[in-house]
Amino acid sequence: MSGSSPSAVTETPDNTGQVEAGDTHGVSPVTPVSIETLLEMVKSYNSAPEVQDRIRDAYAHAAEAHKGQFRRSGESYVDHPLKVALILASMKVDATCLVTALLHDTLEDTTLTPELIEETFGKKVLALIDGVTKIGKFQYQASKVEKQAENFRKMLLSMSEDIRVILVKLADRLHNMRTIASLDTPKQRLIALETLEIYAPLANRLGIGWMKSELEDLSFSILEPKTYQDLKARVAMRRKERKNYINLLVKTANEALKANHIPGQVLGRYKHIYSIYRKMTLQEIPFDEIYDLMGIRIITDTKLNCYGILGLLHSIWKPISGRIKDFIAVPKSNMYQSLHTTVMGPEGVPVEFQIRTEEMHHVAEEGIAAHWNYKENADSLPAEGERKVVAWLRQLVEWQKELPDNREFMDSVKVNLFPDEVYVFTPKGQVKELIKGSTAIDFAYSVHTDLGNRIFGARINGRWAPIKTVLESGDIVEIITNPTQTPNKDWLRSVATPRARARIRHWLKEEEDRQSADIGKKALESEFRKVHKSLAEFLKPPQLEVILSFSDLPTPTLDNVYSRIGFGKVTPLSVLRKLFPLPFETTIPSGGEHEVSSQDYPIVVRGGGKDLLLGLARCCNPVPGEEIVGFITRGRGIMIHSRDCPNLDHLSVQKERFIAATWDSDAGAFFDVDLKVLMEDKPGMLAAVSAAISAKGANITHAEVKQDRRKMAVLDFSLMVRDVTHLETIMDEIQHVKGVIRVQRIKKLTTASQS
Ligand code: MN
């Protein structure tokens, strides 16, 4: 770069380019060109003879294939791919990309076969053409939802394994936009809208500033023709007014650079129409107050000189505070770098300066294409170019991480050009963004939980497919449901999205809860039946509240209580105990004993409440007056044993289940006891013993006589007594019957514990 520049204003696009509709980056849209023009242009940056041959060969095939086809604008069809290739050549892309451009419409519109393309130009070219054709098939549906457009752009990027697919598609769209006048109005509007929402932002994302600006202005002139023409006229007027003023500033800046021996080229620049329109509408600034319609750009050699020039300008004109932006230290998401400052010019009119190096300027204009390396390699990206492109993309991602709050980033860099995402369509054309590896199940859950829970199959691109089919970008997915279908554990291994995983887990947990609730309810009902009660009768206040207290939900439910019982978190007995309080040591209220008799037995149990479930142990048949103890059973209340019951030995391992109990008073009740009488085996003995018992006022309920090996008779009696004193009197009376050897109280050792 030379330090001296002409002082006359050289007009140039601003950072994102400025091109009026009809202005064409050096390529005439309709005037037919010849292949020689393309070859000349390529020669300027790549003179390898084999490259020329390949391009010539591709053109020959395209011309032959499109023979007899014409564009609406009248010229022969092959002019279109040729001009697409010219646009790309102006960006200095490689031969593979140019060959792809020349052949990009042959696969769809001509009889040229994929086999022939592959045979003649290689696998890579075929794959690239295929990619361009595939993108062309998607019809963007204008949507109110901005996210849709974003997803669509990302889908296009993710679908293209090779960035050259997007470059060819952008060039194709650009040429179609330049020649759009030949289409009817509704079609024009549709294409313009798609261009504005999808392709211009794509060009911006790839850093191709000039293309983004041109696409925007072309679309804008179609969508809002009146506003566009109006603004265009006003800008032209303003430029005329300001021309001398800008010239003056350019001259002053040039002189300052020279005086300070800083190399630099000073150029006048102006904003493109659509960016003015956006500024007016988004920031609500009237046209007259937009002072960066025209500005000045200085291109220098080093980063250091950029800052030097900034200081120099500020020493001449007063900078407007808040208007200095350092995009060199903090580049934009699309790698744009520059220093921006707005200064107050001599006539009190603010003027914006942009300062950058030549390299930064190149990146600002060409973006990702600026990183191309043009050494040819037939089938893949040249290693150097690929390395640079990958580095470029990595940088995008890095910056995104560093500056999560920077709106510019949130706005435009959510993208990574080879993302771990797939973009698929609903049958209505909505784009859904999913994690790579997602299946039809993921898709269904992304639409609606119910759709996921009942997914039975899918139609992918019109063909029936199993629900575990992995989706690819661009797939059109329709979910088939079955009302009886339910998720299963197996699905968890066939989903990629956290959402689907969470929904399936949620459903499975609910299902488990449902099953547990079922089990729990049955267990509780059975526990109630053991004590001859019916659960159903207690499912109302106040007992219902007691039962609900076992729920662990903020809003307790009966199902939750059942389910907790089913899971074993709550025992049915603990519910029963709480309903009919039992005397646990731990539940004894402090401040003394709480003694309450049971209704059926004259027994006092320490710490017991009302309605104790009491039973007299059948093994020892305790009687009043006798020392007793309570044993807390599972589900049958407290069983009262006599202190010398042989079963207490093995029950005593569960000490905590014993509870003190005493007889209340003589309440007139009778109690069962078993007696064994050993006596001589002679007639009349049974009658004599029976008489003795009856004499003492007790009833015999059962009697049985057996003979033992010593020819002795053994009498087994069951009788009802009032209490232990009554029993002792009876036993004493029997003992005195002649022939009776021994009277014994029987306390049976049971085989099963009294649990
Ligand atoms: Mn085309």
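Counting starts at 1 for both ligands and their atoms, following the listed order. No hydrogens, no waters, no symmetry mates; every other heavy atom, side chains included, goes into these values. Numbering starts at 1 and runs along the sequence shown.
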Closest Asp105 atom to the Mn ion (ligand 1) [N, O or S only]: OD2
Closest approach to the Mn ion (ligand 1) by Asp172, given as the N, O or S atom name: OD1
side-chain hydrogen bond (donor to acceptor under 3.5 Å, both in side chains) against His66, all qualifying residues, sequence neighbours excluded: Gln69
Glu214 vs Arg178, side-chain contact (heavy atoms from CB on, under 4.5 Å): CA-CA, chis, key distance, verdict: CA-CA 9 Å; Glu214 186 179 346; Arg178 284 171 177 176; 2.6 Å; yes
N, O or S atom of His104 closer to the Mn ion (ligand 1) than 2.8 Å: yes
Show me, pair by pair, the donor-acceptor contacts under 3.5 angstrom made by side chains of residues 460-468, not counting sequence neighbours?
residue	atom	partner	partner atom	Å
Asn461	OD1	Ile476	N	2.8
Asn461	ND2	Asp475	OD1	2.9
Lys468	NZ	Asp490	OD2	2.7

Note: Lys83-Asp79 ion pair, threshold 4.0 Å (strictly below): yes
